[in-house]
Protein chains: 2
Amino acid sequence: MSAGQHAYEWPRPAVTVDCVVFGFGAAGLSVLLIQRGEAPFEGSWALPGGFVREDEGLDEAARRELGEETGLTLSFLEQLYSFGAPQRDPRGRVITVAFYALVQELAQPPLLATGDAAEAQWFQETELPSLAFDHAEIVSVARTRLKGKVRWQPIGFDLLPEHFTLSELQRLYEVVLERELDKRNFRRKVLSLEILEETDELQRGTGRPARLYRFDKAAYARAEAEGFVFEL
Amino acid sequence: MSAGQHAYEWPRPAVTVDCVVFGFGAAGLSVLLIQRGEAPFEGSWALPGGFVREDEGLDEAARRELGEETGLTLSFLEQLYSFGAPQRDPRGRVITVAFYALVQELAQPPLLATGDAAEAQWFQETELPSLAFDHAEIVSVARTRLKGKVRWQPIGFDLLPEHFTLSELQRLYEVVLERELDKRNFRRKVLSLEILEETDELQRGTGRPARLYRFDKAAYARAEAEGFVFEL
DNA sequence: TCAAAAGTGTTTCGGGTACACCCATGT
DNA sequence: ACATGGGTGTACCCGAAACACTTTTGA
């Protein structure tokens, strides 16, 4: 059962939420970190997060803390795993429910709010500093989950701007999956899913302009309801 | 971060672990439930579980509670998801970290130990009673996870006895995946993985005797290390 | 000899993969 | 004109799926 009769006689660990926020840009995949303003690990980089309040659900707490510390708008948030090794926090028993989240524009400069966060900053996944607590492990679990999930659910679009080129989408998948993909096969496969809508806009840069596409959420929802599985 | 400087000023929810234990037998897939001996939900069926102690990890707590309440030997245990809706427990804020587990022999009669459990009993998944708290939802999440995971990891063997026939294995997959499988294709596929060892034993019953096989854990570990993916 | 479950091959089809050249633009 | 990235079609191969009869035992 969930609780005995004398619930209040039991030792009560503190419960926090921590969040691994991924962003994607020219430099590849990035993770948002905040610099701790207080002991322990003062000055160290850590995941944004904080205590769960008495009257809020876990997802709710994750969103609130993230909003307070960074002001970011999330396009995806999912519970990841709970970490509760007895000594993971030097101050005492702290169990954390970890989440991972995706943002569409890594551009938006993160704001600061609570006293806990001295600064917030994006780090490329290949250049992460050493992290407080067991946060390095949490990031690693999140990265693995993202890699596993991106092939079965259309969450890759939550890392791209509203309009994107097929080349951008392909590069995203190459970075997340850590392998190269064939251009022609990738495009054929993606378009055959019929969940992208072609816009009439072009993106200009060096070389031939590229067509911009949009993820058609409604078409995806319809297809999914009919038993369609994403898979890429 | 995981905790602020004034950790002990924060409200502290109680933290429990709850466990969905699956067994497989002639009647199909079953779940182990215990009957609550105390309020709230006294007399109701619920998942085995209990409070996390100050000095133990989450997995450890799940194993301990399960051992205390049922005496079962688990062949597989994995963290499932954490449930923390503010009102999920009428006594106050209780966050539970749910696990799911598999046992090889559904035969072993579960023992009882703690005062919380008045009785323990296997229920077929198709005939579950209504459950205390949000445990019905937890079971549902566990069932979905099992269905999803059994195709990519060789956890099906954790639901079968040490030695089993290919027909038993097939029926297990049919039950878990909720669809029929072709006998010849299934056998070919399973044997082609080269992770089963043929024993020299036969299982007699009505009809032609069936060859018994064993899951070759070492062969699987070797293959996995070389990048082999299970998939069935 | 009958009932019941075990065991066994071949063909077809679709999707995955490999692969090279032309196109549209900016400089 | 050249450099840069965008865009396109075909052939092959392998694994998935469909499908029916023989074998071995107990009753």
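Quantities reported herein were computed from a predicted structural model and do not represent experimental measurements. Residue numbers begin at 1 in each chain, while the letters A, B, ... track the order of the sequences.
Across the protein-nucleic acid pair, Gln170(B) atom CD and dA17(D) atom P stand 13 Å apart, rounded to whole Å. Rounded to whole angstrom, the span from the CG atom of Leu212(A) across to the C1' atom of dG6(D) amounts to 12 Å. dA27(D) atom P lies 11 Å from atom CZ of Arg204(B), rounded to whole Å. Straight-line distance from the CD atom of Glu231(B) to the C1' atom of dC14(D): 13 Å, rounded to whole Å. The nearest whole Å value for the distance from the CG atom in Leu202(A) to the P atom in dG26(C) is 11 Å. Taking atom CZ of Phe228(A) as the reference point, atom P of dG15(C) lies 12 Å away to the nearest angstrom. Here dG7(D) presents its P atom at 11 Å from CD of Glu168(A), a figure rounded to the nearest Å.
Among Val190(B), Leu191(B), Thr199(B), the one residue that satisfies the side-chain contact (heavy atoms from CB on, under 4.5 Å) test with Tyr213(B) is Leu191(B). If you run side-chain contact (heavy atoms from CB on, under 4.5 Å) between Pro48(A) and each of Leu72(A), Val17(A), Ile34(A), only Ile34(A) comes through.
Taking the ring centroids of Tyr81(B) and Phe83(B), they lie under the 6.0 Å cut-off. Taking the six-membered ring for Trp, Phe157(B) and Phe164(B) have ring centres closer than 6.0 Å.
Nucleic acid contact for Ser167(B): sugar-phosphate only, since backbone atoms but no base atoms lie under 4.0 Å from a heavy atom of the residue.
Interatomic distance, Ser30(B) OG to Glu127(B) CD, rounded to the nearest 0.5 Å: 9.0 Å.
Only Asp182(B), Arg184(B), Asn185(B), Arg188(B), Lys189(B), listed by number, bring a heavy atom of residues 173-201 of chain B to less than 4.0 angstrom from any atom of DNA chain D.
Enclosure of atom CD in Glu194(B) is not indicated, since only 12 or fewer non-hydrogen atoms of other residues, nucleotides or ligands lie within 6.0 angstrom.
Each of Pro209(A) and Arg208(B) was assigned the nucleotide of DNA chain C with the nearest heavy atom; the assignment lying further toward the 5' end belongs to Arg208(B).
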